[in-house]
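See structure below.
Heads up: numbering here begins at 1 and tracks the sequence.
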Amino acid sequence: MPETVNRSDNEAVVPASGTVHWIGAGLSTGSGLATLCDTADRVRLWHRTEGRAAQSLSALGLTGRAESRAYTLSALAAELAPGDIVVSMLPAPEHGPLLATCVAHQAHFACSSYVSEAVLDQVPAAVAAGIVVLTESGLDPGIDHLFAHSLIARARTEISADTAAEVSLTSYCGGIPAVPNDFKYRFSWAPAGVLNALRSPARYIEYGEETTAARPWEATRTHLVDAEPFEVYPNRDSIPFVDQYDLPQAWKPQTFIRGTLRLAGWLDAWQPVFEELRRGNDESIAALAQKLAARYPTTDADRDRVVLAVSLDVREDSGQTWSGRYLLDMEGDAQESAMARCVSGTLALGVRKVLAGTLPPGLSRAAETPERSEEWLAELGRDGIDFSMDSTRHKAEGL
């Protein structure tokens, strides 16, 4: 049993060994990996083949700074040591077996994905093993959580948590083409994942009531960001985030939506896709995903754009209001896509926290507290992820 670092009477974390295993070199892997090469003692990039891993390192300018490996779960397990950090850029369904391997070898685990049931089930074993399980530490989820926590904390400095108030929180994020095409989209991740997300019902709060959209795109509406029109629709289940964001009990959400942002005209351009989603089966939709991947890929010549807009409006019964907004609007360049910079940069920041031993064993997200959110946002700003924040406070007439 390796030496541990005490966190409290009941918690102890296995100290980081200094070795990072980054698994996957897809379109979301970018400069975050380079920052870890500056921080960690040793970095290994695992990909489908050792040759592909080496090519990815060359493309990132990291040849000689990280080792290349051919990924299989058994090959990774053979090289894991207590305190190593495994960073997964794999699809979420693969996280369960990967985390189980980490627990067995007392290696820390980090990913940018939402917490799945397969991951949640293993958190008690991870705590017992003394390892960190860092999740939701990318762009969306990740930076969006940081923005929301920060806005709610700022609003509480102006409006007491015990004051009855109505709240509207919207959080919309999208990876879109910097130069619009006729389809209003280019695929920067697996088309099957994009289509399956559209097939999943979305739950959110509107007009003070819980609402479910069986087909999320049917709830699409126009959303202005600095006078630029976009189209947005609800995604996944927003309801649990009312508690995760620690919204005061006295503040009643009239609108609470976490969703996806697309270019104006997307809804019309995608009508043939929606028709297939309505009537198709798994096989036909998988075939459609392959066709779309070939027709609308993100190539080396394309530049992407990431837009993340999170807004909070709080209105007291007296009529006083507070409004705040964070906006991240970034375009990729020849060196790196905006998506890769945001996802890998945020994830790498979390891994640096694990390397420094500042996270406790068990489940963590990028945003756990307002204090952590402010700390992470400040560090992301220093790392070159630019965003803006503005707020306004209005008193009711006669006050």
Side-chain angles (χ1 to χ4, degrees), residues 140-174 204-211 219-235 238-261 264 306-330 366-378 380-381 385-399:
D140 174 8
I143 299 177
D144 58 340
H145 293 345
L146 299 173
F147 286 173
H149 272 278
S150 176
L151 287 173
I152 292 169
R154 290 169 184 266
R156 290 177 68 155
T157 66
E158 299 286 345
I159 298 176
S160 169
D162 297 325
T163 300
E166 293 185 345
V167 174
S168 171
L169 186 147
T170 60
S171 178
Y172 294 117
C173 184
Y204 54 100
I205 296 175
E206 192 168 40
Y207 305 116
E209 301 290 337
E210 290 190 12
T211 303
T220 298
R221 67 196 66 186
T222 299
H223 186 72
L224 296 179
V225 178
D226 289 347
E228 181 179 358
F230 293 94
E231 293 178 349
V232 296
Y233 60 90
N235 187 23
S238 299
I239 306 302
F241 293 93
V242 173
D243 291 332
Q244 185 170 317
Y245 291 166
D246 197 24
L247 200 69
Q249 291 293 321
W251 297 6
K252 301 305 178 186
Q254 297 301 298
T255 301
F256 195 97
I257 303 175
R258 301 180 72 258
T260 300
L261 177 146
V306 165
V307 178
L308 169 59
V310 182
S311 299
L312 175 68
D313 298 289
V314 185
R315 182 182 181 85
E316 298 180 41
D317 287 352
S318 67
Q320 296 188 83
T321 63
W322 184 92
S323 298
R325 182 195 73 161
Y326 272 101
L327 175 62
L328 185 159
D329 189 347
M330 180 185 298
E368 295 284 356
T369 65
E371 294 77 17
R372 185 191 290 184
S373 295
E374 297 298 337
E375 174 191 323
W376 281 46
L377 288 173
L380 288 173
I385 296 178
D386 296 326
F387 49 85
S388 62
M389 185 273 169
D390 57 75
S391 65
T392 57
R393 179 80 159 99
H394 293 293
K395 291 186 177 182
E397 292 184 9
L399 293 181

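- From I152, atom CD1 reaches atom OG of S373 across 9.5 Å, with rounding to the nearest 0.5 Å.
- Y172 has its ring centre no less than 6.0 Å from the ring centre of F230.
- With a 4.5 Å cut-off on side-chain heavy atoms, S388 and Y326 do not count as touching.
- Taking the side chain as every heavy atom from C-beta outward, C173 and L261 never approach each other to under 4.5 Å.
- Residues T163 and D317 fail the side-chain proximity criterion, which asks for heavy atoms closer than 4.5 Å.
- Ring geometry, H145 versus Y245: the interplanar angle exceeds 60°, so the pair is classed perpendicular (tilted spans 30 to 60°).
- Y233 does not carry R221 over the face of its six-membered ring by the limits of under 6.0 Å from the centre and within 45° of the normal.
- Within the 3.5 Å criterion, the main-chain N or O of E158 finds a donor-acceptor partner in the side chain of R393.
- Remark: L380 CG to I385 CD1 distance equals 4.5 Å, nearest 0.5 Å.
- Between the S323 side chain and the T392 main chain, no donor and acceptor come within less than 3.5 Å of each other.
- Put simply, the side chain of F241 does not reach to within 4.5 Å of the side chain of L247, judged on heavy atoms.
- A250 and A161 get closest at one heavy-atom pair: CB-O, 3.3 Å.
- A donor-acceptor pair shorter than 3.5 Å cannot be found between the side chains of R156 and S160.
- Between L328 and F147 the shortest side-chain heavy-atom distance falls below 4.5 Å.
- For R315, the side-chain contact (heavy atoms from CB on, under 4.5 Å) test picks out T321, with sequence neighbours left out.
- Atoms CD and CG, from Q254 and L169 in turn, are 13.0 Å apart once rounded to the nearest 0.5 Å.
- Across all their heavy atoms, I257 and I205 have their closest contact at CG1-O, 3.8 Å.
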